[in-house]
Amino acid sequence: MSQSPYSKSRASAIFKEETGKTIIEYISEQKVLEAQSLLIFSNSSILDIAVDLGYGDQSYFTKVFSKYTGITPSKFRKKFHI
């Protein structure tokens, strides 16, 4: 396995310089986008979606989802579910 010439902290700094976001922020945004799709197009429970996306519990998932969307997952689903 080859190694990066950058330390983890330097790689994180470069990522933030290029994207304006931390790696954690980017990953969280991607998870929220996936959650939005699942809330719209599936009948999976919010708990199942949270667990499938790697969140330990539904309340933390709801907190993160609301931070990025301004609305809870249940309200989002009621508004957009197909």
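Keep in mind that this is a model prediction, so the values were computed, not measured.
Ring geometry for Phe65 against Phe76 counts as perpendicular: the plane angle is over 60°, on a 0 to 90° scale with 30° as the lower cut.
When hydrophobic clusters are built by joining Ile, Leu, Val, Met, Phe, Trp and Tyr residues whose side-chain heavy atoms come closer than 4.5 Å, directly or via intermediates, Leu39 is grouped together with Phe41. With hydrophobic clusters built from ILVMFWY side chains whose heavy atoms lie under 4.5 angstrom apart, Tyr26 does not share a cluster with Val64.
The heavy-atom pair separating Arg77 from Leu38 by the smallest distance is NH2-O, 3.6 Å. Across all non-hydrogen atoms, the minimal contact from Ser59 to Asp57 is OG-OD1, 2.7 Å. When every heavy atom of Ser45 is checked against every heavy atom of Asp48, the shortest pair comes out as OG-N, 2.9 Å. Taking all atoms of both residues into account, the shortest heavy-atom contact from Glu34 to Leu53 is CG-CD2, 3.7 Å.
Taking CG of Asp52 as the start and OG of Ser44 as the end, the distance is 6.5 Å to the nearest 0.5 Å. Ile82 contributes atom CD1, which lies 11.5 Å from atom CG of Asn43 (distance to the nearest 0.5 angstrom). The CD1 atom of Ile71 sits 10.0 Å away from the NZ atom of Lys78 when rounded to the nearest 0.5 Å. Rounding to the nearest 0.5 Å places CD1 of Ile40 at 11.0 Å from NZ of Lys79.
For the pair Lys31 and Tyr55, the cation sits on the ring face: its NZ or CZ lies under 6.0 Å from the ring centre, inside 45° of the axis.
Side-chain contact check for Glu25 versus Tyr68: some heavy-atom pair is nearer than 4.5 Å. Taking 4.5 Å as the limit, every side-chain heavy atom of Phe15 sits out of range of all side-chain heavy atoms of Thr22. Considering only heavy atoms from C-beta on, Leu33 comes within 4.5 Å of Gln30 through its side chain. In this structure the side chain of Gln36 reaches within 4.5 angstrom of the side chain of Thr69, judged on heavy atoms. Within the 4.5 Å cutoff, the side chain of Tyr6 has heavy atoms near those of the Ile14 side chain.
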Stepwise side chain to side chain contact (heavy atoms under 4.5 Å, CB included) test for Lys21 and Lys16 = CA-CA 5 Å; Lys21 302 170 188 170; Lys16 181 153 185 164; over 6 Å; no

Kindly indicate, with the supporting measurements, whether the criterion side chain to side chain contact (heavy atoms under 4.5 Å, CB included) is fulfilled by Gln58 and Ile46.
-> CA-CA 7 Å; Gln58 185 175 330; Ile46 293 171; 3.7 Å; yes

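Of the charged side-chain nitrogens involved, at least one lies within less than 4.0 Å of a carboxylate oxygen, so that Glu17 and Arg10 count as a salt-bridged pair.
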